[in-house]
Amino acid sequence: MKVFVAVKRVIDYNVKIRVKPDHSDVDLTSVKMAMNPFCEIAVEEAVRLKEKGVATEIVAVTVGPKAAQEQLRTALALGADRAIHVDTSAETDERVESLGAAKALARLVEEEQPGLVILGKQAIDTDNNQTGQMLAALTGLPQGTFASAVDVDGEKVQVTREIDGGLQTVELTLPAIVTTDLRLNEPRYAKLPDIMKAKKKPLDVKTPADLGVSVGSRVKLVKVEPPAERQGGVKVGSVDELVDKLKNEAKVIS
Amino acid sequence: MSILVLAEHHDGALAGATAHVVAAAQQIGGDIDVLVAGENVAAIAEAAAKLDGVSKVRVADNAAYAHLLAEPTAALLAELAGDYSHVLAAASTTGKNVLPRVAALKDVAQISEIIAVESPDTFKRPIYAGNAIATVQSEDALKVITVRSTGFDAVAEGGSAAIEAVDFVADNAQSTFLKEELAQSDRPELGAAKVVISGGRGMGNGENFKLLDGIADKLGAAIGASRAAVDAGFVPNDMQVGQTGKIVAPELYIAVGISGAIQHLAGMKDSKVIVAINKDEEAPIFQVADYGLVADLFQALPELEQRL
Ligand SMILES: Cc1cc2nc3c(=O)[nH]c(=O)nc-3n(C[C@H](O)[C@H](O)[C@H](O)COP(=O)(O)OP(=O)(O)OC[C@H]3O[C@@H](n4cnc5c(N)ncnc54)[C@H](O)[C@@H]3O)c2cc1C
Ligand SMILES: Nc1ncnc2c1ncn2[C@@H]1O[C@H](COP(=O)(O)O)[C@@H](O)[C@H]1O
């Protein structure tokens, strides 16, 4: 079975972001970028499926600027066999919205007919949590979102999902779309020899026009502001003082 | 304008989140219909009809919609969406699962987790784990939106909307519900509690979470956790507070043995009063805490329980 993994280039999750002084956007100049953490989990899951003999080929896909090829190379170093970059630099700036990404991914899924597509549940820049569900709609495939376990069994896949009240398990017919939650697995690190080998693995570049889709955004970013700063408060010296302050100053307990 | 709100429900009861979504719909303005989809949902429809501001409750009562699986529920919403300018749902795991599918079926973008309505097409939403607030304007005719409950005060009950049946039945041969393992608790729901006390990696193990129980009992609090505590298996996943877990904004949030990573802060920094108990005085959580207690939690918690 061929497995697709979708990876997105985002700000490194450790970086503290800054809003541009003109409030037009977040300032990403010379900021460390990385693969979205949920995509690392997606790649890891695909690699484990290959190690189990379930997946035969792993194709890593990204939709974005040229620099996003770095994240495809990371996926190749981690175990993907080949990669496809849908280069959006001619059509948009850095910002590819979820719907646009889903449209490009849907065309590739139609062309290549993978048995399973694994995406992250959420990109940590936009915090959208949409692309997998949209891809499922556009391809007419079933979806198992927020997965904490994925068991492929013949023509079906059982997906355990992290939901608000606990866990839910659904069974989907293959091909299917899965999005990863934090507990699905713990991603490995790429080893140096694999990073070297990854440079020689095939990486195809296509444009949205090649795929016959438009990835332009239909949501206008009007402005971006820093959130209201919380004033750090005081340190209390004892539990007694804490209880006293909560009762008499903050008045949140009685 | 006319707005369709997908009702959230669990265990045969309308979930509190729905009243918050209706509040967001009121700020957008126009007629508000609520869709109750599920199996044996008559009582839920009656509860939805009582929410202030609702004109009509549409009920799709069919086994096809049991557990609100994404495939049939999105097909239903896409079928009904033609009558509306906006489709709204809570930014719960149900809303997040279903609504983007509806948006793509209608070829429109989705706007996730709004916290404020600026105008019928312009909304505020947090991005980058809440470290920036974006104002976004939809250029689509149909707006598909999930609503963060903490951004909108719930509407009251006092209405008596009409209830009408929807006959459309989506067929779904692709996905089947197998089972659910839901956490049983007598405590208030995390998202709705007035007080939340959360434990982090500093709790050491799952057994030690019992130290929070007595305090939670006295304060009527819900118990939450950091990702590290969930990943380590101390407590179940549904207790995770943060960027990728639950968003809470109680009157009082007590963080115990939690360092205060941005991903955790994203889920609780809109709480009214924040208390941090941590033995490391440099822990970043103290930068957002109104009251910080530098102490070993194993000493502080029993003492706190006793003093309350
Ligand atoms: C994509 C992504 C998504 C994430 N989403 C979330 C999320 O939704 N929610 C979330 O919480 N995290 C999330 N995280 C993880 C986050 O970055 C932190 O790793 C996590 O919040 C740390 O949890 P912690 O504070 O419990 O553990 P630690 O950072 O290890 O802190 C433990 C604290 O306990 C204190 N302590 C230890 N012993 C004691 C004692 N005896 N008495 C008092 N204090 C003590 C220590 O001083 C320390 O400050 C996410 C990370 C990523 C990459
Ligand atoms: N531009 C993109 N290219 C490739 N994959 C993407 C892109 N945008 C989103 N995704 C995938 O969809 C997941 C969720 O992103 P989102 O729905 O945008 O929050 C990510 O973790 C990726 O797996």
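All values reported here derive from a predicted model rather than from experimental measurement. Order of the sequence lines sets the chain letters (A, B, ...), proteins ahead of strands, with each chain counted from 1.
Of the listed residues (B:Thr176, B:Val288, B:Asp290, B:Asn97), the one with the most heavy-atom contacts under 4.5 Å to chain A is B:Asn97. Chain B forms the most heavy-atom pairs under 4.5 Å with one residue out of A:Met134, A:Gln158, A:Glu229, and that residue is A:Met134. Most heavy-atom pairs under 4.5 Å with chain B, from the set A:Lys16, A:Arg161, A:Glu97: that is A:Arg161. No other option in B:Ile262, B:Leu219, B:Val275, B:Val195 has as many heavy-atom pairs under 4.5 Å with chain A as B:Val275. When the candidates A:Val19, A:Ile124, A:Leu174, A:Val243 are compared by the number of heavy-atom contacts under 4.5 Å with chain B, A:Ile124 comes out ahead. Contact count versus chain A (heavy atoms, under 4.5 Å) is highest, among B:Val230, B:Thr122, B:Val98, B:Leu190, for B:Val230. Your options are B:Gln263, B:Arg227, B:Gln174, and the one with the most heavy-atom pairs under 4.5 Å with chain A is B:Gln174. Contacts with chain B were tallied for A:Val10, A:Val236, A:Thr145, A:Thr131; A:Val236 has the most, counting heavy-atom pairs under 4.5 Å. Note: B:Pro100 leads B:Pro100, B:Ala74, B:Ala78 in heavy-atom pairs under 4.5 Å with chain A. Between chain B and the residues A:Ala176, A:Ser254, A:Ser98, A:Ala136, the most heavy-atom pairs under 4.5 angstrom are made by A:Ala136. Taking chain A as the reference chain and counting heavy-atom pairs below 4.5 Å, the highest number among B:Thr94, B:Leu178, B:Val102, B:Leu252 is found for B:Leu178. When each of A:Leu99, A:Val224, A:Asp127, A:Leu138 is checked for heavy-atom pairs under 4.5 Å with chain B, A:Asp127 comes out on top.
Using a cutoff of 4.0 Å between basic side-chain nitrogens and carboxylate oxygens, B:Asp121 and A:Lys220 are not scored as salt-bridged. A salt bridge is defined here as a Lys NZ or Arg NE, NH1 or NH2 lying under 4.0 Å from an Asp or Glu carboxylate O, and A:Asp164 with B:Lys96 fails to meet this definition. Ion pair A:Arg107/A:Glu110 flagged as a salt bridge, since at least one NZ, NE, NH1 or NH2 atom sits closer than 4.0 Å to an Asp/Glu carboxylate oxygen. Salt bridge annotation for A:Arg218-B:Asp140: present, with a cationic side-chain nitrogen under 4.0 angstrom from a carboxylate oxygen.
Interface remark: B:Leu99 contributes no atoms to any contact with chain A (heavy atom separation under 4.5 Å). Using a 4.5 Å cut-off between heavy atoms, B:Gln287 touches chain A through its backbone atoms (N, CA, C, O) alone. For B:Ala289, the part lying under 4.5 angstrom from a heavy atom of chain A is the backbone only. Interface residue B:His67: backbone and side-chain heavy atoms are both found under 4.5 Å from chain A. Neither the backbone nor the side chain of A:Ala102 comes within contact range of chain B, judged by heavy atoms closer than 4.5 Å. When heavy atoms are compared at a cutoff of 4.5 Å, B:Ala173 approaches chain A solely by way of its backbone atoms N, CA, C and O. Proximity to chain B is limited to the side chain of A:Leu242, based on heavy atoms less than 4.5 angstrom apart. Heavy atoms closer than 4.5 Å to chain B are found in both the backbone and the side chain of A:Tyr13. The contact between A:Val26 and chain B is made entirely by side chain atoms (from C-beta outward), counting heavy-atom distances below 4.5 Å. For a residue to count as touching a neighbouring chain, one of its non-hydrogen atoms must lie under 4.5 Å from one of that chain's; by this rule A:Leu221 touches chain B with backbone and side chain alike. Only the side chain of B:Gln240 has a heavy atom closer than 4.5 Å to any heavy atom of chain A.
Side-chain polar atoms of B:Thr146 and B:Glu113 form no donor-acceptor pair below 3.5 angstrom. Checked by atom type, the side-chain pair A:Gln71/A:Arg9 shows a donor-acceptor distance below 3.5 Å.
Formation of a donor-acceptor pair under 3.5 Å by the B:Asn131 side chain with backbone atoms of B:Tyr128 is found in this model.
Contact record, B:Leu142 with B:Ala81: CD2-CB, 4.0 Å, taken as the closest heavy-atom pair. Taking each heavy atom of B:Leu182 and A:Gly166 in turn, the nearest pair found is CD2-N, 4.0 Å.
Interatomic distance, CD of A:Gln168 versus CG of B:Leu69, reported as 6.5 Å (0.5 Å rounding).
Among residues 178-186 of chain A, the residues having any heavy atom closer than 4.5 Å to a heavy atom of chain B are, in sequence order, A:Leu182, A:Arg183.
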Got a list of side-chain donor-acceptor pairs under 3.5 Å for residues 266-273 of chain B, not counting sequence neighbours?
unit_1, atom_1, unit_2, atom_2, d
B:Lys269, NZ, B:Gly130, O, 3.0
B:Ser271, OG, B:Met268, O, 2.6

Please set out all donor-acceptor pairs under 3.5 angstrom arising from side-chain atoms of residues 293-307 of chain B, sequence neighbours excluded.
unit_1, atom_1, unit_2, atom_2, d
B:Asp296, OD1, B:Phe298, N, 2.7
B:Arg307, NE, A:Asp240, OD1, 2.3

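The environment of CG in A:Asn14 is crowded: more than 12 heavy-atom neighbours from other residues, nucleotides or ligands sit within 6.0 Å. Residue A:Lys156 qualifies as open at atom NZ: its count of foreign heavy atoms under 6.0 Å is 12 or below. In B:Lys218, the NZ atom is crowded: over 12 heavy atoms of neighbouring residues, nucleotides or ligands sit closer than 6.0 Å.
Here the side chains of B:Thr244 and A:Lys121 are in contact, with some heavy-atom distance below 4.5 Å.
With sequence neighbours excluded, no residue forms a ring-ring contact (aromatic ring centres under 6.0 Å, His included) with B:His9.
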